[in-house]
Structure formats: structure tokens, C-alpha cells
Amino acid sequence: ESIGVIGIPFSKGQPRTGTEFGPKVLRLGGIVNKLQSLGCHVEDHGDVEVIQVENDDPEEKAKNPRSVGQTSKLIADKVEQELRSEDICIALGGDHSMAIGTIAGNARVEPDLVVLWIDAHADINTPMTSDSGNIHGMPLAFLVHELESYVPKLSGFEWLTPCIHAKDIAYIGLRDVDAGERKIIEKFGITAFSMQEIDRYGIKEVVERALRAVDPEGNRPIHLSFDVDAMDPTLTPSTGTPVMGGLSLRETYYIAEEVARTGRLCMIDIAEVNPLLGDEKEKKMTVDLIISVIQRFFGNRRGG
Ligand SMILES: N[C@](CCCC[B-](O)(O)O)(CCN1CCCCC1)C(=O)O
Ligand SMILES: [Mn+2]
Ligand SMILES: [Mn+2]
Ligand SMILES: [Mn+2]
């Protein structure tokens with residue numbers, strides 16, 4: 001299959017400088033040629049233009065709404081364009097607000113897509129339920145039909161309409177979910193496998209149940225949004241909101257290999273890499289392990 005890589009050097013969905021350098025360090029880590037060496041046809045389509053609006057005052061407590069909203073529109077347009085020419089797109093972020101644009105853009109091409117959200121966090125706060133006002137903790141709230149009446153139309157978001165249903169989402173890796181998010185997950189019956197379920201059932205069972213829940217017929221395109229903080233912080237320390245007790249390398253490889261096996265993966269987000277956090281060794285480990293995970297989505301199987 002043909003793979004298109006785009007960079008999203010963006011950080012305004014959260015307060016810590018550094019996620020704007022995520023695309024750069026993943027490219028320097030060799031992501032493109034490591035995928036080409038697997039026999040994939042990979043093309044790097046450069047970076048999305050990011051918008052930094054002056055005096056971007058908070059709205060409904062959400063921070064940098066205009067910068068995030070206007071950048072998300074450019075992301076959606078770029079992803080839509082990519083997916084009309086490539087089989088698969090990998091978006092290198094950037095903070096997780098990037099998923100507003102990547103999912104909106106993907107849904108224009110694949111309206112029947114399902115979302116696997118691999119993350120320590122649920123990222124489904126509304127501006128009102130958020131305790132931080134950081135939009136990287138809200139992306140799914142802007143995308144889900146069932147939440148439309150709960151989410152105010154922020155400046156910069158005029159272009160966006162919800163494009164997925166709550167039942168189209170499955171979480172894997174949760175271990176830091178806010179009270180408001182818990183209520184939303186329960187109210188709308190969103191499929192959610194926390195680290196506790198992974199310990200109880202094992203990763204094989206969790207992946208099977210997650211896929212069966214969102215795509216019982218096994219025929220829907222998969223958008224996989226990977227927050228590197230889903231992995232244990234001993235593996236990916238260079239990220240802004242680390243939470244102990246995360247996915248092992250083997251569990252993460254297993255998720256990638258099983259999703260690859262469906263043959264229905266259409267888009268991957270790689271979110272929340274922050275190379276300014278941690279020392280050189282931690283940065284290198286974070287980047288190298290993420291690249292090794294990405295390779296597992298594209299046929300690099302442990303069994304050869
Ligand atoms: N839920 C949080 C974290 C969001 C992380 C975004 B991700 O997954 O893209 O990295 C946490 C809010 N809050 C922080 C202080 C302690 C209680 C939880 C929020 O800010 O909304
Ligand atoms: Mn997270
Ligand atoms: Mn719909
Ligand atoms: Mn996230």
C-alpha cells in the first residue's frame with residue numbers, strides 16, 4: 001500500500017513548548033526510510049501550515065481556540081487531500097488536538113470510519129468539563145454527534161461539524177480519566193478498555209473486544225489515534241502528561257500487529273511527542289520506540 005506522511009508541528013492544544021518539534025525528531029529518527037525498508041511506498045508530504053493567532057483569548061475556558069480551530073481546518077483539508085491519493089496517511093504530531101483535524105479530514109473520505117483511541121487519557125472533555133482548558137484534552141468532544149449540543153461553537157471552529165458517533169470509538173490504555181469524561185463515556189456507552197481491563201483480560205482479548213465492539217462486521221476503515229503517553233513512561237518519557245502503569249512495549253506491538261492484520265487501517269496519528277522533555281537518552285528512546293511501534297503497523301512482524 002502507498003503511505004503518505006504529513007507533519008503537524010503544533011503545540012497550542014496544551015501549555016508545554018516542544019510538541020511542535022515532534023515531526024522533526026521522528027523524521028530525524030528515520031521514520032520514512034525505515035518504512036521504505038519494509039517495502040512500503042512512502043512519500044513525505046511535508047508539514048501542515050500551523051496558525052498562531054494574536055491575542056487568542058480563552059473562550060468558555062478553552063485556551064488558544066482560534067489557533068487550534070484554524071489549524072485544525074488546515075489539517076483536515078490536508079488529510080482529505082492526502083487520503084484521496086494515498087492508501088494510508090501517518091500524521092506526525094504535535095499535541096493531540098491534531099486529531100480534530102485528522103479525524104474530520106479522514107471522515108470526508110471515509111465517512112464510515114471507526115476510531116481506536118490509544119491513550120492514558122480519554123481526551124473527551126467539553127470546554128465546560130475540562131479542569132485545564134487545554135484543548136488536547138477535548139478533541140473527541142468536538143467530533144462526536146451526541147455531544148454537539150453540549151459543546152459551544154468556539155471561535156475558529158465554525159468550519160467543523162461532528163462526524164463520528166460515540167459507538168464508533170474504542171479506547172485502549174486509559175488510566176487517567178476525569179469525572180466529566182467518565183460521565184460522558186457511561187452516558188453514551190463508549191467502548192473503553194483501561195489498563196485494569198488489560199490486566200484482567202490480557203491484550204489479546206482487549207484488542208479483539210475493542211474491534212468487535214466498533215466494527216462487528218469487520219468491514220469499516222480504522223483511524224488509529226496513538227498518544228505516546230499510552231505507553232509506560234519508562235518507555236516514552238518525552239511526553240507532556242505521563243501517567244505511570246502504561247502499556248508495555250509488547251502490548252503496544254501487539255495492538256499494532258493486530259490492527260495491521262485487519263488490512264483496514266487508513267490513518268494513524270502519532271501525538272504528544274515532546275523532545276524538550278527528558279534528557280538526550282530519554283528523547284532518543286522515546287523516538288526509537290515509537291518508530292519501532294509504527295513499523296509494526298506496516299508488516300514488520302516480530303516473527304519475520
Ligand atoms: N484530562 C486532562 C489531561 C488531558 C491529556 C491530553 B492528552 O491525552 O492528549 O495528552 C487532565 C486534567 N487534569 C490535570 C490535573 C490533575 C487532574 C486531571 C485534561 O487536561 O483535560
Ligand atoms: Mn494522553
Ligand atoms: Mn453521522
Ligand atoms: Mn491524548
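Note that ligands are numbered from 1 as they come in the structure, with each ligand's atoms numbered from 1 the same way.
Nearest non-hydrogen protein atom to atom 8 (O) of ligand 1 is Asp123 OD1, 2.7 Å. Regarding atom 3 (C) of ligand 1, its nearest protein heavy-atom neighbour is His121 CD2, 4.0 Å. Protein heavy atom nearest atom 19 (C) of ligand 1, with residue, atom name and distance: Ser132 OG, 3.6 Å. Shortest contact from atom 7 (B) of ligand 1 to any protein heavy atom: Asp227 OD2, 3.2 Å. The protein non-hydrogen atom at the shortest distance from atom 1 (N) of ligand 1 is Asp178 OD2, 2.8 Å. For atom 4 (C) of ligand 1, the nearest protein heavy atom (residue, atom name, distance) is Gly137 CA, 3.8 Å.
For the 3.5 Å distance criterion, the side chains of Glu86 and His41 fail to qualify, holding no donor opposite an acceptor.
Counting just the N/O/S atoms of His121, the one with the shortest distance to the Mn ion (ligand 2) is named ND1. Asp119 has its closest N, O or S atom to the Mn ion (ligand 2) at the position named OD1. Looking at His96 and the Mn ion (ligand 4) together, the shortest N, O or S contact belongs to ND1. Minimum-distance N/O/S atom of Asp227 relative to the Mn ion (ligand 2): OD2. The atom name of the N/O/S atom in Asp229 closest to the Mn ion (ligand 2) is OD2.
Proximity of Asp95 to ligand 1, defined as any heavy-atom pair under 4.0 Å, is not found for any part of the residue. At a heavy-atom cutoff of 4.0 Å, ligand 1 is contacted by the side chain of Asp119 but not by its backbone. Contacts between Glu272 and ligand 1, counted as non-hydrogen atom pairs separated by less than 4.0 Å, involve the side chain only.
Each of the atoms 9 (O) of ligand 1 lies under 4.0 Å from some heavy atom of His96. The Asp229 neighbourhood of ligand 1 comprises atoms 8 (O), 10 (O), with distances under 4.0 Å to a heavy atom of that residue.
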Determine, step by step, whether Trp117 and His223 satisfy the ring pair (Phe, Tyr, Trp, His ring centres under 6.0 Å) criterion, reporting the C-alpha distance in whole Å, the side-chain angles of both residues, the deciding distance to 0.1 Å, and the verdict.
CA-CA 8 Å; Trp117 198 273; His223 182 118; 8.0 Å; no
Could you go through the side-chain contact (heavy atoms from CB on, under 4.5 Å) check for Glu82 and Ile6 one step at a time?
CA-CA 9 Å; Glu82 282 304 305; Ile6 60 172; 3.7 Å; yes
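Salt bridge present: Glu208 and Lys204 bring a charged side-chain N and a carboxylate O closer than 4.0 Å. Taking a cutoff of 4.0 Å between a charged side-chain nitrogen and a carboxylate oxygen, Asp77 and Arg108 qualify as a salt bridge. Of the charged side-chain nitrogens involved, at least one lies within less than 4.0 Å of a carboxylate oxygen, so that Asp168 and Arg220 count as a salt-bridged pair. Salt bridge status for Glu186 with Lys183: absent, with no side-chain N to carboxylate O gap under 4.0 Å. Between Asp44 and Arg27 there is a salt bridge, since a side-chain N of the basic residue sits under 4.0 Å from a carboxylate O of the acidic one. Ion pairing between Glu158 and Lys153 fails under the 4.0 Å rule for side-chain N and carboxylate O. Using a cutoff of 4.0 Å between basic side-chain nitrogens and carboxylate oxygens, Glu59 and Arg66 are scored as salt-bridged.
Residue His136 has at least one nitrogen or oxygen atom sitting less than 3.5 Å from a nitrogen or oxygen atom of ligand 1, judged on distance alone. Between Asp176 and ligand 1, a contact under 3.5 Å exists for no N or O pair. Between Ser130 and ligand 1, not a single N/O pair is under 3.5 Å apart.
Heavy atoms of other residues, nucleotides or ligands lying less than 6.0 angstrom from NZ of Lys284 number 12 at most.
In this structure, the ring of Phe157 has its center less than 6.0 angstrom from the ring center of Phe142.
Checking Asn125, Asp131, Val243 against atom 21 (O) of ligand 1, the nearest heavy atom belongs to Asn125.
Within the coordination shell of the Mn ion (ligand 4), defined by N, O or S atoms under 2.8 Å, Asp123 is present.
Looking at Thr19, its side chain never comes within 3.5 Å of a backbone N or O of Val273 through a donor-acceptor pair.
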